[in-house]
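Reckoned from all heavy atoms, side chains included, excluding hydrogens, waters and symmetry mates. Ligands are counted one by one from 1 in listed order, and the atoms in each one are counted from 1 as well.
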Amino acid sequence: MLAAPASDTVPFRFEPSAAPVAASERAARLVDPGFGRVFTDHMAVVRWNEAQGWHDAAITARAPLTMDPSSAVLHYAQEIFEGLKAYRLADGGIALFRPEANARRFQDSARRLAMPELPEAIFLSSIRELVRIERDWIPDGDGGALYLRPFMIASEAFLGVKPSAEYLYMVIASSVGAYWKGGARAVSIWVARDYTRAAPGGTGAAKCGGNYAASLVAQAEAIRQGCDQVVFLDAAERRWVEELGGMNVFFVFDDGTLLTPPLTGTILPGITRDSLLTLARARGLTVAEAPYSIEQWRADAASGRLTEAFACGTAAVVTPIGSVVDGTDRFTIGSGATGQLTQSLNDALVAIQRGHAPDPHGWLHPLA
Ligand SMILES: Cc1ncc(COP(=O)(O)O)c(C=O)c1O
């Protein structure tokens, strides 16, 4: 609907920061960066309008934005984003993990939010250019990576519900450590019965900020209930397990098979989910993408048919699920600790991401 007239590639102008963080200060910040708190010196910016399409691409000093208070994104939440990581490899090189998949998902999200689709080539060069400039911000420590956050906002100044005529695409980068300090422990999950995340025909399969805004009250309730994370059920029948607030979910059974909810439009098509499906199938495991109800989950956990469950996503890779709280009911999965297959799939994926194992699926995108 919003066809961009400009070409698929644009040159990125580089305007170096006049005040980059000193090497000694950067080293101090990288010792224990946590997640999403340490940011690099620069950011990528590309603008879009109807007349020029994608234009004015630059890597500039990271700085606050100046926006008109009537900017469409501030009122109607026309915003999408992505999340991916650049890793330092065992051989000292740097690689992105499946960035083309993020580029395609960003286009899918844009279509759903009536935004212009960023050509894959511009998405990839924005990330490559930024990572090349910020390579010293990749922490060496265990689990360290440069987390990249591409996003697009509706920047036209107007009040009125219609697709914006102007957009700003940006990429910021954050030095991150292991998501779970000291290794992933099994988390507890609270089942949202009164809140849903996405309805059929809604935006559940898009990575738009509004989905996360809508999930926060449920996540806050999960914490109040003494749990780590919330799991959402489908909006129509309120019984089919969909996903966590920011991760997809997998189930492992005593016959060695795996199951994950299908991509029917209400859950995010996770790239980690897809990678784990591929790894599991390559091992000869049977993996079903099929609906799984909360009643079945409870029954299978009780009977022992369900041996493991885990969540997955770019930030934490694989997170074991140890227990589930559903109203006054609480049940444990397996021993309540990290399962064997959960651990081994996590280790296999991390080994590929970090260049410790061969990459038979061509997922690593090395930077020259
Ligand atoms: C709602 C939701 N589901 C699933 C995922 C996992 O997606 P990916 O593996 O691409 O990070 C994420 C994280 O991006 C998410 O926000």
Side-chain angles (χ1 to χ4, degrees), residues 35-36 77 79-87 96-109 112-113 123 127 143 145-152 171-172 174 176 178-180 184 187 189 192 195-199 202-219 222 228-235 240-251 260-280 289 309-321 342 345-346 348-350 352-353 361 363 365:
F35 200 96
E79 186 267 357
I80 57 171
F81 66 98
E82 269 303 327
L84 67 161
K85 285 176 174 170
Y87 298 92
L96 297 160
F97 183 73
R98 304 190 68 183
E100 328 73 27
N102 295 93
R104 284 194 291 271
R105 190 169 66 186
F106 199 62
Q107 293 180 332
D108 295 342
S109 298
R112 181 62 185 83
L113 273 285
F123 183 96
I127 297 204
L146 194 61
Y147 181 80
L148 298 151
R149 168 51 58 84
F151 63 104
M152 192 195 327
V171 188
I172 54 174
S174 174
V176 300
Y179 195 83
W180 306 110
V187 296
I189 300 289
Y195 302 110
T196 58
R197 178 185 172 276
T203 56
K207 205 162 166 62
C208 60
N211 287 347
Y212 298 82
S215 75
L216 295 178
V217 67
Q219 174 61 27
D228 299 298
Q229 295 281 325
V230 58
V231 66
F232 290 101
L233 305 178
D234 76 292
W240 305 107
V241 178
E242 298 233 300
E243 63 177 325
L244 274 54
M247 287 184 269
N248 295 117
V249 63
F250 275 81
F251 303 94
T260 190
L263 301 178
T264 50
T266 53
I267 69 174
L268 193 80
I271 294 159
T272 317
R273 172 190 182 279
D274 183 73
S275 306
L276 292 169
L277 282 173
T278 303
L279 289 183
E289 294 179 69
F310 62 85
C312 65
T314 296
V317 192
V318 168
T319 301
I321 298 174
T342 300
L345 284 172
N346 175 74
L349 184 53
V350 169
I352 294 175
Q353 289 172 333
H361 310 288
W363 287 337
H365 184 110

Report task. Apply the test side-chain hydrogen bond (donor to acceptor under 3.5 Å, both in side chains) to residues R149 and S174: give CA-CA distance (whole Å), side-chain angles for both, the deciding distance (0.1 Å), then the verdict. Result -> CA-CA 8 Å; R149 168 51 58 84; S174 174; over 6 Å; no

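Residues T266 and R197 have side chains not in contact (no heavy-atom distance under 4.5 Å, counting atoms from C-beta outward). Within the 4.5 Å cutoff, no side-chain heavy atoms of Y179 are placed close to those of V317.
Nearest protein heavy-atom neighbour of atom 12 (C) of ligand 1: G246 O, 3.1 Å. Looking at atom 14 (O) of ligand 1, its nearest protein heavy atom turns out to be K207 NZ, 2.7 Å. Nearest protein heavy-atom contact of atom 9 (O) of ligand 1 is T272 OG1, 2.5 Å.
Atoms of ligand 1 found under 4.0 Å from any heavy atom of G270 (numbered from 1 in listed order, with element): 7 (O), 8 (P), 9 (O), 10 (O). Atoms of ligand 1 lying under 4.0 Å from any heavy atom of G313, numbered from 1 in the order shown and given with element: 6 (C), 9 (O), 11 (O). Remark: ligand 1 atoms within the under-4.0 Å shell around heavy atoms of R197 are 1 (C). Close contacts between ligand 1 and E243 involve ligand atoms 1 (C), 2 (C), 3 (N), 4 (C) [criterion: under 4.0 Å to a heavy atom]. Close approach of ligand 1 to Y212 (heavy-atom distance below 4.0 Å) involves ligand atoms 1 (C), 2 (C), 15 (C), 16 (O).
Aromatic rings of F123 and F106 (six-membered ring for Trp) have centroids within the 6.0 Å cut-off, being under it.
Using a 4.0 Å cut-off between charged side-chain N and carboxylate O, R104 and E82 make no salt bridge.
Looking at T314 next to ligand 1, an N or O pair under 3.5 Å apart turns up. For I271, a nitrogen or oxygen atom sits less than 3.5 Å from a nitrogen or oxygen atom of ligand 1, counting backbone and side chain alike.
Contact analysis puts R105 in contact with ligand 1, with a non-hydrogen atom separation below 4.0 angstrom. G245 counts as a contact of ligand 1, since one of its heavy atoms falls under 4.0 Å from the ligand.
The backbone N or O of S109 sits nowhere less than 3.5 Å from a side-chain atom of K207 that would complete a donor-acceptor pair. A donor-acceptor distance shorter than 3.5 angstrom exists from the side chain of E79 to the backbone of G209, with no hydrogens or angles considered.
Note that CG of L277 and CG of N248 are 9.0 Å apart. Values are rounded to the nearest 0.5 Å.
Contact record, N102 with L84: OD1-CB, 3.6 Å, taken as the closest heavy-atom pair.
Contacts with ligand 1 closer than 4.0 Å are made by backbone heavy atoms (N, CA, C, O) of M247 only, the side chain lying farther away.
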